[in-house]
Amino acid sequence: MTPIRIYNTLAREKQTFTPIDPKNVRLYVCGPTVYDYAHIGNARPVVVFDMLFRLLRHVYGTDHVTYARNFTDIDDKIMLRAADEGVGIKTISKRYEKAYIADMKALNALDPTLTPRATEHLPQMIKMMQALIEKGHAYEAEGHVMFHVPSMENYGRLSRHSRDELVAGSRVEVAPYKRDPADFVLWKPSTEDQPGWASPWGRGRPGWHLECSCMIEKHMGTTIDIHAGGQDLIFPHHENEIAQSECAHGETFVNYWMHNGYLTVDGEKMSKSLGNFHTVHDLIASGENGEALRLSLLTAHYRQPVDFSLSTVREQKRRLDKWYRLTDGVEAADTVPAAVVDALSDDLNTPKALSEIDALADVATAAELKAAAQFMGLLQSSTDEWFKGDAPDGITVEEIEELIAARNQARAEKNFAESDRIRDLLTEKGIVLEDGAGATGWRKA
RNA sequence: GGCGCGAUGGCGGAGUGGCGACGCAGCGGAUUGCAAAUCCGUGUACACGAGUUCGAUUCUCGUUCGCGCCUCCA
């Protein structure tokens with residue numbers, strides 16, 4: 001078995017992955033703040049680390065991997081949205097949590113083992129803050145609980161920022177209650193009309209970083225194997241998680257840190273003003289194929305930037321079309337081809353793995369191709385479902401078949417003007433005809 | 001300014017000290033009434049300049065260009 005190699009952000013190099021306990025490999029990925037639909041950039045870490053989850057399960061056994069992905073369901077952005085709509089935060093968070101789950105399912109992402117929510121971990125948060133205060137790593141000030149950064153000797157080793165650099169490069173005003181400009185919030189007070197929970201420091205709500213530390217502590221222990229997320233989370237989010245957990249526990253928090261690169265759209269940063277903002281929800285609703293979206297996100301290596309465009313999605317759709325044609329009626333092989341597992345074991349080299357799948361694109365190796373593609377969360381439908389779908393838009397299967405029969409009648413009579421007219425009619429409906437040796441088949445474009 | 005990443009053919013994207021991965025698109029052919037699908041064939045690609053070497057796209061140094069982060073952000 002090829003060992004799994006992982007690029008560890010902490011070490012800035014690829015390392016051989018050794019789990020703490022092969023019977024319980026623990027992976028945590030930072031999940032969404034549920035205040036709006038997830039965009040395609042949010043989907044990248046989900047798809048990428050879903051691939052990691054699949055690989056870990058393949059190597060260590062399905063029941064030996066715990067994968068947690070949280071929902072941040074208390075946050076100022078959620079509060080803002082709730083206030084806008086005049087509803088409670090739970091209405092907002094539940095709505096977008098539900099949408100998120102559906103969207104990620106459309107991308108063939110497996111359900112994580114655990115999906116903890118911030119608001120379900122208030123007791124753990126309070127306990128951790130108390131421990132940090134007792135150990136001199138945190139203090140109370142004007143209803144806030146602050147983490148005192150200078151109290152941690154090696155703060156900043158993940159992002160390789162020294163406290164001094166952070167203070168010097170800071171773009172935000174320093175709140176007056178901070179003992180040190182680099183200190184960050186663990187707990188902040190809530191006004192009467194804001195959501196809040198009782199605490200020894202008054203009614204308030206948690207800062208962003210605290211939840212992950214507490215959820216990991218509760219569900220996975222003081223030290224976990226892998227913690228992953230977008231590279232923008234390296235600082236401050238993950239740096240501060242390390243500070244909280246390691247100062248509270250006195251133990252290593254995470255052995256391997258993984259961070260995915262950014263996604264651009266048509267070569268530019270995705271933004272609403274540029275008109276290139278794509279939510280997964282809208283992409284699926286407008287007819288883009290979830291599996292093609294997934295494949296598009298896997299065409300680049302996860303640490304590299306990936307450029308997203310609709311033309312890429314269509315291109316990858318055609319690639320899948322080819323694989324579906326080849327594997328029609330073929331039973332997937334029992335084992336996943338080693339070349340594909342090896343590529344993925346090398347720091348999740350998905351472009352390599354995909355090209356290894358292409359190398360199997362031959363009738364003689366169709367069963368292997370199918371096993372490999374399914375391992376990567378692709379070819380999850382039957383060939384028939386893929387090409388024909390549940391129901392083509394604006395035309396019934398019966399109508400299609402009647403038109404095909406009429407066309408074949410015309411063809412038999414050499415009335416090609418009529419047969420081409422019928423084919424054009426179907427093309428307009430998004431139906432492509434394929435004249436085979438015996439019969440005429442059809443598929444959705 | 002600090003930290004970090006990258007530059008491969010029309011596009012995407014592996015990889016390697018010496019034989020032009022792979023996919024998509026394009027082009028030619030087979031097949032087809034015509035298409036579609038399929039099959040066969042088809043490309044003087046490795047940012048620039050030095051250095052190391054018998055030999056560098058691959059290693060070293062430099063240059064240029066592009067990108068990300070530096071307390072909203074996957």
Side-chain angles (χ1 to χ4, degrees), chain A residues 9 12 29-33 35 38-49 75-77 80 149 156 158-162 164-175 181-185 207-209 228-237 239-240 259-264 267-270 295-297 299-307 309 311-312 314-319 321-323 325-326 343 346 349-361 363 387 410-412 414-417 419-420 423-424 427 431-437 440-443 445:
Chain A
T9 307
R12 302 281 149 96
V29 176
C30 284
T33 300
Y35 70 104
H39 59 66
I40 188 69
N42 298 130
R44 165 118 104 146
V46 175
V47 168
V48 160
F49 297 117
D75 179 271
D76 286 7
K77 288 193 289 287
L80 212 65
V149 168
L158 180 69
S159 57
R160 309 225 167 162
H161 289 315
S162 73
D164 294 344
E165 286 166 352
L166 290 173
V167 172
S170 178
R171 297 186 299 199
V172 294
E173 250 178 81
V174 178
D183 291 354
F184 61 89
V185 171
W208 174 38
H209 316 301
Q231 64 177 206
D232 53 316
L233 295 182
I234 295 172
F235 188 88
H237 188 51
E239 198 70 78
N240 291 348
H259 294 94
N260 64 277
Y262 258 87
L263 173 144
T264 56
E268 293 180 294
K269 192 164 180 162
M270 176 162 49
L295 181 52
S296 301
L297 293 173
T299 53
H301 185 264
Y302 78 94
R303 281 189 285 115
Q304 294 308 126
V306 67
D307 188 53
S309 69
S311 61
T312 301
R314 312 267 158 77
E315 179 182 322
Q316 298 311 324
K317 163 75 164 54
R318 284 192 288 275
R319 192 181 196 177
D321 285 346
K322 197 171 152 181
W323 293 352
R325 276 193 197 95
L326 187 71
D346 181 14
N349 192 342
T350 53
K352 182 80 189 315
L354 292 169
S355 68
E356 294 294 349
I357 292 179
D358 278 315
L360 297 169
V363 284
F387 285 119
R411 290 174 72 209
K414 306 273 187 209
N415 185 355
F416 297 121
S419 70
D420 288 350
R423 187 169 61 200
D424 291 345
T427 303
I431 303 300
V432 177
L433 296 186
E434 293 178 357
D435 292 329
T440 298
W442 66 273
R443 65 181 164 90

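The chains referred to below are lettered A, B, ... by the order of the sequence lines, with proteins before strands, and numbering in each begins at 1.
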Select base, sugar-phosphate, or nothing to describe what L263(A) touches, counting heavy atoms under 4.0 Å on all strands.
base
Is E315(A) salt-bridged to R319(A), cutoff N-O under 4.0 Å?
no
Just compare G15(B), C69(B), G4(B) and give me whichever is closest to any side-chain atom of K352(A).
G15(B)
Check whether N260(A) reaches the backbone of G230(A) with its side chain - one donor and one acceptor, N or O, closer than 3.5 Å.
yes
Given G13(B), A74(B), G15(B), which nucleotide is nearest the side-chain atoms of N349(A)?
G15(B)
Which is more 5' along RNA chain B, the nucleotide nearest V432(A) or the one nearest D358(A)? Just name the residue.
D358(A)
Identify which nucleotide among A74(B), C70(B), G4(B) has an atom closest to any side-chain atom of N42(A), counting heavy atoms from C-beta outward.
A74(B)
Could you work out the separation of G2(B) and G18(B) based on their P atoms and round it to a whole Å?
37 Å
Inter-nucleotide P distance (G12(B), G49(B)), Å rounded
23 Å
Could you tell me how far C39(B) sits from C65(B) if I compare only their C1' atoms? Round to whole Å.
43 Å
Return the nearest nucleotide to the side chain of H161(A); candidates are G12(B), G4(B), G2(B).
G2(B)
Which nucleotide, A36(B), C73(B), C22(B), lies nearest any side-chain atom of D232(A)?
C73(B)
Determine, stepwise, if the pair T440(A) / R423(A) fulfils side chain to side chain contact (heavy atoms under 4.5 Å, CB included).
CA-CA 11 Å; T440(A) 298; R423(A) 187 169 61 200; over 6 Å; no
Distance, P atom - from U64(B) to G29(B), rounded to whole angstrom:
50 Å
Using the C1' atom in both, what is the distance from U53(B) to C61(B), to the nearest Å?
16 Å
Strictly under 4.0 angstrom, non-hydrogen atoms only: write out the protein contact profile of nucleotides 24-35 of chain B, one letter per nucleotide from the 5' end, B, S or -.
SS-------BBB
By the Watson-Crick or G-U definition, both distances under 3.5 Å, U42(B) is matched with G26(B)
Using atom P in both nucleotides, what's the gap between U63(B) and A25(B) to the nearest angstrom?
42 Å
5'-most contact on RNA chain B (nearest-nucleotide basis), R12(A) vs G31(A), goes to R12(A)
Considering only heavy side-chain atoms of L233(A), the closest of A74(B), C5(B), G13(B) is A74(B)
Sticking with atom C1', work out how far C22(B) lies from G43(B), rounded to a whole angstrom.
14 Å
Determine the interatomic distance between C1' on G9(B) and the same-named atom on A14(B); round to the nearest Å.
14 Å
